[in-house]
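Right, one structure below, let's go through it.
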Number of protein chains: 2
Amino acid sequence: MHDNAASTRVAAELRARIIDGVIPPGTRIRQEEIAEEFGVSRVPVRETLRILESFGLVTLVASTGAWVSTLDFDECREIYLMRERLEPLLLGLAMPTHTPESFGEFERLAQHVEAAPTKAEFLHRDRDFHRALLAGPPTKRLRDTVDHLWDLTHYYRRQLLQPEGSARRREDIVAEHQMILRAVMDGDPESAEAALAFHIRHTRKLVERHPEIFAQSCEDIPGTLPT
Amino acid sequence: MHDNAASTRVAAELRARIIDGVIPPGTRIRQEEIAEEFGVSRVPVRETLRILESFGLVTLVASTGAWVSTLDFDECREIYLMRERLEPLLLGLAMPTHTPESFGEFERLAQHVEAAPTKAEFLHRDRDFHRALLAGPPTKRLRDTVDHLWDLTHYYRRQLLQPEGSARRREDIVAEHQMILRAVMDGDPESAEAALAFHIRHTRKLVERHPEIFAQSCEDIPGTLPT
DNA sequence: CGATGCTGGATTGGATCCGATATCGGTGAT
DNA sequence: ATCACCGATATCGGATCCAATCCAGCATCG
């Protein structure tokens, strides 16, 4: 009984490409191209674009076109601030649903993060770890919101692992995961929430030290009228 | 250069009707009806429904239909928990942008709330007051998220003012607004955030004392298969 | 030489038409 | 009498066609 509609299928695939950086921020999206590639007409593609626009992944300009949304420095910071508040909340709601079996799974995922061979793989496994921690309670809106916030920053998170010193950053992340995990396994929600907030805050601080990530590189972004 | 597309026009109008309760939760939405009423074809209506679905206002079932989303007790509670975390954050970001002139506007809006003649008017003015407090910083995602959370609960907020004791509730709200306002005008962000969190939390507690609001009244809601 | 106005092509937005699917009522068998 | 099966109809999802809009390049003029 799943939604097999073309618009949601295309939306899911486009989302994946956007957050993986296959279609980088600022790229124009032409309806016809997408339609042809997926073997559908432009009608479901337009629904797709409306969906992605609602999530903030795509920016539509009336009668003009669609672009993969770009984040500037302040927007990215804003999203991290939101995550700092929302994810601890979700973790607090999730913890009562965790069991000793899930603890084992968490540890496995944490080690999986540590052993990631590539940066892209590291990012995916990191997200898997976080998703597992926050799984459990049927809080649809909260989880969806958190997911969307991750989506919006995923591209820039990869950029953040590019520069030198990323090895050090990886170590920090792994260590912070251990701190969160220990609090979770101790059944101590307050510590777990604090550790998670610290973890996100730490990443935000890193973002704030690397504003060069947000240099406008791609061509014509609408909304930039040079006088 | 505004988006004058039919889909966004229709989406805005449908949103207004849904949150005002003109189309109550659980009602089925037929594409043809909407299309005919707005003088458009079903294509932009379908885009509209996808948009509203992304915001959680409408629930789509593949090849079956669209319904105005209903909230159950837990979902409503969840949304209030999110607001408790997000709105203080936004207030903290907004306060540095406030000026003595905005203070005057806040006081005017607060009195406007107190003087509301009807329950519906009270709700709208209450929202205007909150929106004004949170206005200022160009934090699009955060503000949009907060707006959507208000949208999702607006209908049930009205239900909450129906039962006896709502006069007492109104007095509480007005008093809490004064507390928030005083902290804001004192330029004390921590107190302001705490007062706002308390205000939202207070409303959540009220919701939790009135689970009867969420009794499934409307007919066929999909997803409920009675074995 | 630079600025401005115009025109053709590309692209989006919308309407109509067609096929697919679910729902609902009726019919028959147990 | 109840349940299973089955067809008619309403409704949805998608494709194709047409109109409206925007953009780029070129010509024209100051």
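Here the structure is a predicted model, which is why all the values come from computation and not from measurement.
Of all the heavy atoms in L71(B) and E75(B), the pair that sits closest is CA-OE1, 3.4 Å.
When the P atom of dT11(C) is taken as reference, atom CD1 of I34(A) falls 13 Å away, rounded to whole Å. Following rounding to the nearest Å, W67(A) (CH2) and dC22(D) (P) show an atom-to-atom distance of 12 Å.
Residues satisfying the salt bridge (charged side-chain N to carboxylate O under 4.0 Å, His left out) test with R50(B), not counting sequence neighbours, are D3(A), E47(A), E53(B). Every residue two or more places apart in sequence or in another chain that forms a side chain to side chain contact (heavy atoms under 4.5 Å, CB included) with H112(A) is listed here: R125(A). Listed by chain and residue number, R85(A), P88(B) satisfy the side chain to side chain contact (heavy atoms under 4.5 Å, CB included) test with E193(B) (two or more places apart in sequence, or in another chain).
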In B/S/- notation (B base, S sugar-phosphate only, - none; protein heavy atoms under 4.0 Å), nucleotides 10-17 of chain D written 5' to 3' is -SBBBBB-
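In this structure, CD1 in I200(A) is found 9.5 Å from CG in L149(A), a value given to the nearest 0.5 Å.
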Is there a salt bridge (charged side-chain N to carboxylate O under 4.0 Å, His left out) between D147(B) and R131(B) once you walk through the steps?
CA-CA 9 Å; D147(B) 280 342; R131(B) 282 187 64 91; 2.6 Å; yes
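Although no hydrogens or angles enter the test, the distance criterion places a donor-acceptor pair under 3.5 Å between the side chain of E78(B) and the main chain of R141(A).
For residues 90-100 of chain B, no pair satisfies salt bridge (charged side-chain N to carboxylate O under 4.0 Å, His left out), with sequence neighbours left out.
Comparing the start and finish of the helix from dC1(C)-dG30(D) to dT30(C)-dA1(D), five pairs each, the helix axis swings through 20°, to the nearest 10 degrees.
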